[in-house]
Novice: 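My questions all concern the structure below.
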Amino acid sequence: MTREQQLTEAFVDLSDTLADDADPMMLLDGLARYCVDLTSVDAAGVMLANARGQLRPAVSTDARATLTEVMQAQIRQGPCIDAYTTGRQVHAVGLRDHQERWPVFVPLALAAGYEGAHALPLHVRGQALGALNLFSCRPSALSGMEPRLLRALADVAITAVLTWDRAPLRPDGIATRVQAALSGKALIDTACGMLAATAGISPHEAARHLFVHAARTHLRPTDVADQLVRRLITPERVLDEVSDRGE
């Protein structure tokens, strides 16, 4: 299997919430496994925050990683804890260089056979959910595109977990969602027509303005379209978005 095929398989598997055997733990287990299969790390695991905001191990690729995650949760110290509390990626290429930072965790991780560790925060819309643990048996930095790949895998998996539903979609539920998608498309087309008529541009260019404005204002494109159609914002406000950026 080529690298491209491996990546395609990973993203398809991690986003498949409609499979008969899909459930949150399976999706997170897939995330951990693909992190190991597709990058240079030797082990991976996911820790999730409970209702009190305390991290608890969810899945891991092997027993040593599980033990290391349990230790981090108990002593509240380590890269995973820091990634969760700060919302930033943590990279400890050589754990021995971080003895002062994590005086209890580092000896325990070394005893488990790990010389390097990395952690990525897991979050959705600014809300912290947990962290992704990555362990290496030798001091090793993430190379090239690995940080971005790991971030993408984690984001897809967490989104899938949050949208998973124990109850399978009924035929009428599927039809309702499809109709909602079509209604959103019709709303966007109407708004783009307004922008195109105002600025004398093509509908394609108008759509670009709308999506840029949505991204800049952290709104969904359908919400921006709705505001335009209901006259809550002016076309000029959306059209100025791209102009102000010099695009």
Side-chain angles (χ1 to χ4, degrees), residues 6-7 10-11 14-15 24 27-50 53-62 64-106 108-110 112-162 215 218:
Q6 289 178 315
L7 291 172
F11 283 107
L14 293 177
S15 61
L27 293 167
L28 293 177
D29 180 71
L31 168 62
R33 288 187 293 102
Y34 281 122
C35 286
V36 173
D37 292 343
L38 297 174
T39 71
S40 57
V41 303
D42 297 302
V46 175
M47 297 181 74
L48 298 177
N50 62 17
Q54 298 171 338
L55 289 179
R56 294 290 180 264
V59 299
S60 56
T61 54
D62 58 48
R64 288 189 302 163
T66 300
L67 178 61
T68 306
E69 288 193 322
V70 169
M71 292 186 299
Q72 284 193 82
Q74 290 180 342
I75 64 177
R76 298 184 182 181
Q77 186 182 109
C80 186
I81 305 298
D82 287 2
Y84 170 68
T85 56
T86 66
R88 299 177 180 176
Q89 296 187 16
V90 176
H91 300 287
V93 175
L95 278 173
R96 297 179 188 275
D97 297 329
H98 294 268
Q99 291 272 5
E100 291 187 6
R101 183 178 186 181
W102 306 309
V104 180
F105 169 74
V106 169
L108 294 173
L110 293 174
Y114 298 124
E115 294 281 342
H118 309 271
L120 278 67
L122 301 176
H123 47 71
V124 171
R125 296 181 180 178
Q127 181 174 344
L129 305 176
L132 171 64
N133 274 310
L134 306 161
F135 303 109
S136 299
C137 295
R138 62 189 182 285
S140 178
L142 297 177
S143 60
M145 296 293 289
E146 285 186 343
R148 294 184 64 181
L149 172 59
L150 289 164
R151 178 75 271 162
L153 290 170
D155 287 346
V156 168
I158 285 297
T159 300
V161 166
L162 294 181
H218 305 290

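Everything numeric in this text was worked out from a predicted model, so none of it was measured.
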Novice: Hey, is Asp82 close enough to Arg101 for a salt bridge, meaning N to O under 4.0 Å?
Specialist: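 Between Arg101 and Asp82 there is a salt bridge, with a charged N closer than 4.0 Å to a carboxylate O.
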Novice: Between the side chains of Gln89 and His91, is a donor N or O closer than 3.5 angstrom to an acceptor N or O?
Specialist: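 Their side chains do contain a donor-acceptor pair, which is all the 3.5 Å distance test asks for.
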Novice: Taking atom CZ as the centre, does Arg88 end up with more than 12 heavy-atom neighbours from other residues, nucleotides or ligands that are less than 6.0 angstrom away?
Specialist: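 For Arg88, atom CZ is not crowded (no more than 12 foreign heavy atoms under 6.0 Å).
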Novice: Quick one: does any side-chain atom of Arg64 pair with a main-chain N or O of Ala112 as donor and acceptor, under 3.5 Å?
Specialist: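 A pair under 3.5 Å: yes.
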Novice: Angle class for the Phe105/Trp102 ring planes (parallel below 30°, perpendicular above 60°, tilted otherwise)?
Specialist: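 Answer is perpendicular, since the angle exceeds 60°.
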Novice: Just so I know, are the side chains of Leu48 and Arg56 near enough to count as touching, which here means a heavy-atom distance under 4.5 Å?
Specialist: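 Leu48 vs Arg56: side chains apart.
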Novice: Shortest non-hydrogen contact from Thr61 to Ala43?
Specialist: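 Looking at all heavy atoms of both residues, the closest pair is OG1-CA, 3.4 Å.
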Novice: Answer whether the closest heavy-atom distance between the side chains of Val41 and Phe135 falls below 4.5 Å.
Specialist: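 Not in contact.
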Novice: Name every donor-acceptor pair, under 3.5 Å, that has one atom in a side chain of residues 28-36 and the other anywhere in the protein, sequence neighbours excluded.
Specialist:
residue, atom, partner, partner atom, Å
Asp29, OD2, Arg33, NE, 3.0
Tyr34, OH, Asp13, OD2, 2.4

Novice: With side-chain contact (heavy atoms from CB on, under 4.5 Å) as the criterion, how do Gln99 and Val106 come out once you've worked through the C-alpha distance, each side chain's angles and the decisive distance to 0.1 Å?
Specialist: CA-CA 6 Å; Gln99 291 272 5; Val106 169; 3.6 Å; yes
Novice: Spell out, as yes or no, whether a donor-acceptor pair under 3.5 Å connects the side chain of Glu69 to the backbone of Val46.
Specialist: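 Yes.
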Novice: Is it the case that the side chain of Gln77 and the backbone of Gln72 share a donor-acceptor pair, with hydrogens and angles ignored and the cut-off at 3.5 Å?
Specialist: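 Answer holds: no.
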Novice: Evaluate the side-chain proximity of Thr66 to Asp62: yes if any heavy-atom separation is below 4.5 Å, no if none is.
Specialist: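 The answer is no, as the side chains (C-beta and beyond) never meet within the 4.5 Å cut-off.
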Novice: Quick check: do Leu67 and Leu108 have side-chain heavy atoms less than 4.5 Å from each other?
Specialist: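 Leu67 vs Leu108: side chains apart.
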Novice: Using every non-hydrogen atom in the two residues, find where Ala160 and Ser15 come nearest and quote the distance to one decimal.
Specialist: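 So the minimum-distance heavy-atom pair works out to CB-CA, 4.2 Å.
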Novice: Just distance, no hydrogens or angles: give the donor-acceptor pairs under 3.5 Å from side chains in residues 136-146, sequence neighbours left out.
Specialist:
residue, atom, partner, partner atom, Å
Glu146, OE1, Ser40, OG, 3.1
Glu146, OE1, Ser143, N, 3.1
Glu146, OE2, Ser40, N, 3.0
Glu146, OE2, Ser40, OG, 3.4

Novice: Are more than 12 heavy atoms, taken from residues, nucleotides or ligands other than Arg151, located less than 6.0 Å from that residue's CZ atom?
Specialist: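 Counting other residues, nucleotides and ligands, CZ of Arg151 exceeds 12 neighbours.
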Novice: For the residue pair Leu132 and Ala154, what are the closest heavy atoms and their distance?
Specialist: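 Closest approach of Leu132 to Ala154, heavy atoms only: CD2-CB, 4.4 Å.
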Novice: For Arg76 and Gln74, does a side-chain donor sit closer than 3.5 Å to a side-chain acceptor?
Specialist: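 Absent: no donor and acceptor within the cut-off.
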